[in-house]
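Following this message is one structure expressed as structure tokens.
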Amino acid sequence: MLERQMILKWLNKSLSFSALILLGLTATLLISIPAISQPGDTTLRNLAQEQNIYIGAAVSIKALRNDPNYREVLTREFNMVTPENVMKFKPIHPERDRYDFTAANEIVTFAKANQMQIRGHTLVWHRSLPDWLTETEWTREELIEILRRHIFTVVSHYRGEIYAWDVINEAVGGKDSLRKTIWQQVIGSDYVELAFRWAHEADPNALLFYNDYGGEGLGEKSDAIYAFVKDLLEKDVPIHGVGLQMHKSIKNPPKPEDVATNIKRLEELGLEVHITEMDVQIHNGTGTEEDRLVKQAKVYQDMLGVCLKAPNCTAFVTWGFTDKFTWIPGFVGQPDLPLIFDKSYRPKPAYHTLIEVLSTANN
Ligand code: G3I
């Protein structure tokens, strides 16, 4: 899956238009990135399919259940979804001997019914943990068994249905150090490779990712993530890619050349890259709201442009898609408009720049 999709992306860029059509038809058969919107419609989904990348959004279960406009735009514009919260440890494993797949199943069923790929998020993180797990002093052996059972139960439940798992989320603390989480402190640093090996055994066909924020371009965190995944590969750990979360702002936009260099060095390790959680805050920028939305559109444009040029960047996922449902205002403590559709599902400048980037990618 990894090589074929990267090859198809590369061929996309170097073939004549007619050959491209032929390849596109073949590619559709081979990697079956389907388009639910009508063929020929100018949508992110249709244009992304032509470029052999996935374009996705994190899904709020509340919005999916209650808002028909949400469902309509989601299926029209995207061919990949990430459950925003309902596959995390706490909601899916609320008691030691009880799992609750109800909400996650709804998203998986919806995605399959609309020919959308699914990113599983996330198996091992230091947040969204249930009280039964955090309020007990476990031995190393006990916690290893708890984590092993969690991963096997959840990954096996969705075996064959999840395109890629965020196996480990936000574990890198800094240069040569892991974040001091319950997993790291009780099990030790080998919890990382154990988790990847268990996930691979539970579903050998799922792509397995390390996902993190703040390491998208170049710098200390980016170098630490690079060293972290390089070490895993040297131990023959089954890791297939790195998720760059891309939670950004117009105040400190990412440098396209740095992100491109980082993605390139991950490609040289043989790793795929997904942009996994992009949103762009504008509350802390300068200018009128209109000016700030234009700056926001440039950040989205730059990052999708970098991804399209990189053969190993195969998915571009935003963390939600409408300003009506976003985590950012709660996080920053004030209103913000970080996504590509407004609260009434009208396309914003960022949507139009993404369409433009996808439409002109082969020029
Ligand atoms: O579902 C409960 C609800 O029953 C309860 O009444 C309510 C009030 O306590 O809480 C609800 O759970 C909340 C959950 O979102 C669902 O809305 C949690 O408190 C809240 O902490 C949780 O926040 C999520 C956060 O991760 C922590 O899991 C955000 O929505 C989500 O956008 C955010 O996403 C993370 C990625 O998973 C990893 N990368 C960073 C990103 C932003 O933090």
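Counting starts at 1 for both ligands and their atoms, following the listed order. The shown structure was predicted, so the numbers you read here are calculated from the model rather than taken from an experiment.
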- Message: I'd like the residue list for ligand 1, meaning every protein residue with a non-hydrogen atom under 4.0 Å from the ligand.
- Response: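 Under the 4.0 Å cut-off, ligand 1 touches Glu84, Asn85, Lys88, His121, Trp125, Arg127, Asn169, Glu170, Gln245, His247, Glu277, Trp319, Trp327.
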- Message: Using modelled atom types and a 3.5 Å cut-off, is there a donor and acceptor pairing between side-chain atoms of Glu142 and backbone atoms of Thr139?
- Response: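 Yes: the side chain of Glu142 pairs with the backbone of Thr139.
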- Message: Under a 3.5 Å distance rule, please check whether Ser128 uses its side chain to pair with a backbone N or O of Lys88 as donor and acceptor.
- Response: no
- Decide yes or no for Val73 and Thr322: does some side-chain heavy atom of the first lie under 4.5 Å from some side-chain heavy atom of the second?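 Answer no - side chains too far apart.
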- Task: For ring-ring contact (aromatic ring centres under 6.0 Å, His included), just list the numbers for His93 and Trp132, CA-CA rounded to whole Å, side-chain angles, deciding distance to a tenth of an Å, and then say yes or no.
- Result: CA-CA 10 Å; His93 193 174; Trp132 69 262; 4.9 Å; yes
- Message: Using the side chain to side chain donor-acceptor pair (under 3.5 Å) criterion, which residues pair with Thr288? Sequence neighbours excluded.
- Response: Asp291
- Item | Basic-acidic side-chain contact under 4.0 Å: Asp223, Arg265 | yes
